[in-house]
Every structure is written in structure tokens, then in C-alpha cells.
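The structure appears right after this line, and notes come after that.
Below, read A as the first sequence line, B as the second, and so on, with proteins coming before strands; counting in each chain starts at 1.
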There are 2 protein chains.
Amino acid sequence: MADGPTINTIAERAGVSIASVSRVLNGLPTRQETERKVLKAAEELGYVRNAVARSLKSRRTDQVAFAMADVGNPAYLAMLRQIQPVLKAAGYRLVLHSTDAVAADEIDVLHSLGERYVDGLIMSPLRVTDAHLEMLAAARAPVVIIGSVPEGTPVDNVRADSRTGVRLAVDHLYALGRRRIAMVNGPLDTVPGAARGAAYREALEDLGLPYDDDLVQIGDFYRAEGARAVAELLARVPDVDALMCANDLIALGALDVLRAAGRRVPDDVAVVGMDDTDLAAASWPSLTSVSLGSAERGKVAAELLLDRLRGGDREPRVVTVAPRLAVRASTAGPAYEPADRKEGGA
Amino acid sequence: MADGPTINTIAERAGVSIASVSRVLNGLPTRQETERKVLKAAEELGYVRNAVARSLKSRRTDQVAFAMADVGNPAYLAMLRQIQPVLKAAGYRLVLHSTDAVAADEIDVLHSLGERYVDGLIMSPLRVTDAHLEMLAAARAPVVIIGSVPEGTPVDNVRADSRTGVRLAVDHLYALGRRRIAMVNGPLDTVPGAARGAAYREALEDLGLPYDDDLVQIGDFYRAEGARAVAELLARVPDVDALMCANDLIALGALDVLRAAGRRVPDDVAVVGMDDTDLAAASWPSLTSVSLGSAERGKVAAELLLDRLRGGDREPRVVTVAPRLAVRASTAGPAYEPADRKEGGA
DNA sequence: AGTTGGTCTGTAAACGTTTACGGTGTGCTG
DNA sequence: CAGCACACCGTAAACGTTTACAGACCAACT
């Protein structure tokens, strides 16, 4: 691992100045003869341009960071899957941060923008505190936030619409004739928990269905917790005929419990999940799920950032991605089993 | 986004030289008074050290790259999940490459090591060509390969053991009394396909079971392809009582077809997948699957790389990670349904 | 008082590029 | 043949750090 050749080494060997070498390497107009000598020397030496030195001079790194709350979470992975190719196509490298859902880590990432090791940042914070807003206002590089940020914050912003998402699901269940539609939610002090709970209530009201406290069960966003919550719910309101779950994992837990209790899905109880993760198509019965467009949000975020890196000095933009209901067997019956999707391999 | 303060700005404001500023900022011994002035100025200016300039001088970037074949593939994601925290804890940033399973892209990544934008690389190539070996021999930074690499290649190497993995599964099926054990494989010209096919044959021989061409069906590593393959297989050998699938997705396809054909799992036909992805625990019945230790391979690879970055100049090391059989309901029956795993949320 | 030793600080070079500027040589025109 | 325009090239500065080296200062010793 001896020291590699630099532009100086080439200059010596080719008998020209470093300026000429640089010009050739950057495709600036040069006499053929010089170009030939330089390229020959570079080739022979196995020269590769030092990205760090170039960055120092050019004040750009061709790197973009993506800070996700949790490397394990399928929703963020869906974003990552879309972000990666967009950046790659534009010639940027991707630096990945996992903030482990810790606000302090998110602030750290924003702070580290000052180190200028990336040209921009896409971040999906799980909650936006005042400290976040302060750092965002002072950010030393363009930032795109996936999630909601107050009006007036000087960053581009890509939002989901969980309210409409929940409504799609509830309307769907209503259309199928269900009238005792319960909600199995995660903690209400989380952003998604609160939003989805409120949206459920609204959707019922708009349909003219009574809101019944007994039909709401709070657990957590995990499979086992979801199962526990559904078990309680079934004991309390045996006549429930549909479950709106705040999450695919909760919904999987619901399927476990319903199966154990001998309730048929969807005949006796219909089940809807949220996030439309890979798990939804894999479960059995396959799970109807509300997609909040993680994938698309990732793609849009990457495109917004690229746009800004290309110099757009326009107003901060807000894009809201429309939710979509993926109807499968857990509400619509076996005819909706997806058997023919191509999914990633080996 | 005005130009940020540099060490020079601080020096001026504090009335000292840039050398003193640097010393204070790096915790080298300094007179209290100087230290105070510098820190005060830095604080007031909101100074953040420029990572690029520092890297140029120090010849290290505190970045490590991970090149995975496919951002969508759960096996690589499992590696990523382990690699990320290990690097983060050691103070390294993670640069993520997706090579889209294209050999030329992998070569590109190896080549780009010469740009010195990272201190090291973890790579999981889907196949190792001569071009790979050449680049590896000339690599300008430490590399760890996840996958197999010939003896004598000067890089650390973390291997799976799919042969033993397949044997674990086949032995398990045999112990359950199955004697017509079929294999549903992916293309034989892929590395995993070939290895798993050969291992299946070996395992049967060692158990004294006859190898029967009719019991082998080639499809592809996707769910729909798996389903198609299993349908053909069932038509040809209706008395099959166990399916060894080369992949979890194939196995999910198998479950689809068996259900449609009215065969009970595992009573009539037992099913085993490979890779032990999240999908295995989510499906119903839950899927017995051979884990080839993707997660652990990622972890070990990260640790090996860190070790080398810390200066170890030792021989290249080879670590083989032992496979593990995750027994679930698709072979062992409902008692093995996992109902209580905590999995990632929101 | 002159040396010694020690602590702290400043000057300047270096890391490997890019690029503004001015100099050289060529070929042309008058 | 003098003069000019032009194409090409080299010198040197700059990007923002780290660090080797030497200078300045002070206290203490002979």
C-alpha cells in the first residue's frame, strides 16, 4: 500500500507542469502531444485522482447523507431503496446515518453538516423539536426533511398523509359492510400514533358511525404487543367485525390472535395494516395495507435535493405524497391473494 | 449559507496564531489563558472543523464503504443492520454503494478506492471474477470480502457455509420421517444455486437416500417462479413429502401452491426455506428456514475491517460463519409458531 | 551575570488538487 | 522584417487543516 502517484508524479514523468496535467485530466483544451504524454504517464502509473484534495479545492464532495431513524425499519429501507439509485445516477455517493430514533443523534447529524463532508442531507426525523428547527434554520447545506415541518422552516419538505390513508382504509371497510370497526393503535405520544388515532375518529364521524371508546385499543407498534392488544379487544367487544391496525406488525399480531381464536379472516373479521411493507404480501392471508408512500417519498426527497444542489435558490417546497390502499385477502378474500409479484432474490 | 468561519477567523478574533487554535482544538497542551480565548472565539463564531481539509492533511477520512449487490435484498440488509452500529461506535461514517449485481460496478468501486474517499471497504460481490482478484491485489485500502475468495488473495474474508446449511435442513426433514425430499432451486449458474444444489445431493447420499432427478426442480429465486416450479414438481411427483427451497421467497411460493392444492403444511408436505429473512417469521404457517448468518457475517466483517484499520498488518484472515436452522411451523407444526418476537416498529 | 532548561507560541511547509495570470513561441499580416 | 494575435503552457496561490521547527520568554541554577 505504498503512496500512490499524484499529479506531481505524472508531471515529472511526462515532463510537463502540474497545471497541464490537471488540464488534461479535466478535459480542458490542450495540445495533442501534451495530452498524449500526460495520459500515457497517468496510465503507466495507475493514477487515480484524490477525491479529498479535489473536494477541498472545489468545495464540493459529491456526497449526500441520508439520516434514517432506524436501519431496521422497513419503511425507511423502502426510502433508502429509492434514494440510492437517484443519487447514484446523479454522480453522488450516499453516506448513511442511523440515528436510532434518538433526537440528540439527529441534532448531531445536522451539526455535522458544518464539517462539509457532504453537499446535502435527507433526513427523516421521528419528531421535530425546537432544537431541530434551530439547527435547520442554521444548516450549512441544503436539507430535505421527510416528515412534517412547520410552515416557514427553510427546508424542502416531503410529507405523508396518514389522515387520508386511514380514511381510505375505513371507507373500504365500510363499503364491505363492516360497521363495528375497531382501531388498534400504538402509543398516542408518538407522531404517527396521534395522527392515526385522530384520523380514525374523523373518518368514522364522516361516515356517520358512532365513535366508541371501547373500539379503540392502545398497544405498541410491534407484533407481540399488537397481538396482546387485539386479544384484549376481542374479549371486550366480541362483535367487532373489522380491525384498523396502525401498523403492519400490529396487523400480523392480529392475524395470529384471530386464527388462534377461530375467527375467520376476512369473513368474521377484516384486517387492515399500515405501511404496506413486504410483510403484508408475505403473510397469510395476505394483508390489505395502507401505503403511505415511503418509497415515493424517498424518491421525491432525493429529487428535491438534487434540484437544490444544482443551484435552485427558490422558495422551500412542500410535497405531499398521496396514500394508496393495497387491497389484499385480509379484507377482500382469497381472490385477492397476490401470487405473481417479482421480488428481490438469492 | 455564507462562508463559515475557519481556523483563521478564530485566530484573528482571539489574537493568536492558527497553530495555537489548532492545538487548542485538538487538546494539545496550551496555556489556560490562550485556551480560554480560543474556545470563546470558536464558540461565538459557531466554528465547526472542516472534515475535508483535515482528511487531506491526516490522510484518513473516517469513512468506510459497504458495497452491497442489491439494496433491496433482505440478506444484504441484514448485514447492513449489523455493520452500521459497529462502524458508528468506532467513529466511522458509512458510505453505501449498491452495485446492482453488476460486476463492472463492483470493479468500479474497487477502483475508486484509489480516490481515497474512504479508509476501507466491505464488499459482498455476487461472484468473484479474475478482474476482481486483480483489483483486490492492487487495492489501495484494506478490503474485507463477504463471500468466498480464493486462498492467497490478500484480503480478509468472511464466508457462509451453505453446504452445512442445506445438510442441517435435510437432516431435520429426515429426522421428521420424510423420505421424499425434493429440492426447489434457483438457476445453477449462480454461485448460491450451484452450491445449494450440490449440497442437497451430498446430504441425501450421506443419509443413504437415493438421488432422484425427478425430485429436483429449477426455477428462479422469486416467489412467483418458486410457485411455478413447485406446481410442476407436484404434478410430476405427487408423493413428495418435503420441500427444500433454496430461498425464502421460493418457499413462500411453495406455500401458496400447496395451499391452493389442498396439501396441508407440514402434515402432508414439510417446507424449508433459506436465508431466514423477516418474511419467514411473518408467513403462515411460519417458515422453517436455514440462516446462513447474514447478520453475523456483517458484524464479523466490520470487526475485521476495524481491526485492520487500527493497524494490524497480519496475514489475511478467513472466518467461516456457522449456519443455523430456525425451526418453525412449516416443518414442526403449530407449536412452533413464534408469537412473541419484538420487531422494529412505527 | 551568563548559562541551562522548560514551557508556550508563531512561522512556514505540507497534504493534492484547481485555476488566475502572465510568459513563450508560433504563424500570420502589413 | 517588425508587429500582432493566438494557442498553449508554467508559476504560484489558494482551499483549511496539522505539525516540525525554531524563537521568545521566564525561572532557576552555577
Exercise for the section: Would you kindly check whether a donor in the side chain of B/Lys57 faces an acceptor in the base of D/dT18, or vice versa, at under 3.5 angstrom? Expected result: yes
Fill in the blank from the handout: Ranking B/Glu33 and B/Ser58 by the position along DNA chain C of their nearest nucleotide, the one closer to 5' is B/Glu33
Problem - For atom CZ of A/Arg116 and atom P of D/dG16, their distance in whole Å - result: 9 Å
Exercise for the section: Check the distance between D/dC15's C1' and B/Arg49's CZ and give it to me in whole angstrom. Expected result: 17 Å
Problem - Proximity to the side chain of B/Ile18 - top-ranked nucleotide from D/dT18, C/dG16, C/dT18 - result: D/dT18
Practice task
Look at atom NZ of A/Lys88 and say whether more than 12 heavy atoms of other residues, nucleotides or ligands are closer to it than 6.0 Å.
Solution key: yes
Practice task
Measure from the side-chain heavy atoms of A/Ile7 and tell me the nearest of D/dT17, C/dT18, D/dG10.
Solution key: C/dT18
Practice task
Take atom CD1 of B/Ile10 and atom P of D/dT17, then tell me their distance rounded to the nearest Å.
Solution key: 8 Å
Exercise for the section: Counting heavy atoms from C-beta on, name the nucleotide in D/dT11, C/dG10, D/dT17 closest to the side chain of A/Ser17. Expected result: D/dT11
Problem - Of B/Leu28 and B/Leu56, the one whose closest DNA chain D nucleotide lies more 5' - result: B/Leu56
Handout entry: Presence of donor-acceptor pair under 3.5 Å, side chain of A/Arg23 and base of D/dG10
Key = yes
Practice task
Tell me yes or no: between the side chains of B/Arg60 and B/Tyr92, is some donor less than 3.5 Å from an acceptor?
Solution key: yes
Practice task
Return the nearest nucleotide to the side chain of B/Arg59; candidates are C/dG16, D/dT18, C/dT18.
Solution key: C/dG16
Exercise for the section: Check the distance between D/dG10's P and A/Asn8's CG and give it to me in whole angstrom. Expected result: 13 Å
Exercise for the section: When you get a sec, tell me which of D/dT11, C/dC8, C/dT17 is the closest nucleotide to the side chain of B/Arg31? Expected result: C/dC8
Problem - 4.5 Å side-chain heavy-atom contact, A/Val118 and A/Arg93 - result: no
Handout entry: Contact under 4.0 Å: B/Asn26 side-chain N or O vs D/dT18 OP1/OP2
Key = yes
Problem - Phosphate contact (D/dC8 OP1 or OP2) by A/Thr30 side-chain N/O below 4.0 Å - result: no
Practice task
Check whether any side-chain N or O of B/Ser22 sits under 4.0 Å from OP1 or OP2 of D/dT18, and answer yes or no.
Solution key: yes
Practice task
Have a look at A/Ser55 and say if it touches a base, only the backbone sugar-phosphate, or nothing, with a 4.0 Å heavy-atom cut-off.
Solution key: nothing
Practice task
Ignoring hydrogens and angles, tell me if any N or O in the side chain of B/Thr99 forms a donor-acceptor pair with the backbone of B/His97 under 3.5 Å.
Solution key: no
Handout entry: Whole angstrom value for the distance that separates C1' of C/dG16 from CZ of B/Arg140
Key = 14 Å
Handout entry: Nearest-angstrom distance from the residue atom CZ of A/Arg54 to C1' of C/dC15
Key = 17 Å
Exercise for the section: Can you tell me the distance, in whole Å, between the OH atom of A/Tyr117 and the C1' atom of D/dT17? Expected result: 18 Å
Handout entry: Sidechain-backbone polar pair: B/Asn73 side chain, B/Ala75 backbone, donor-acceptor under 3.5 Å
Key = yes
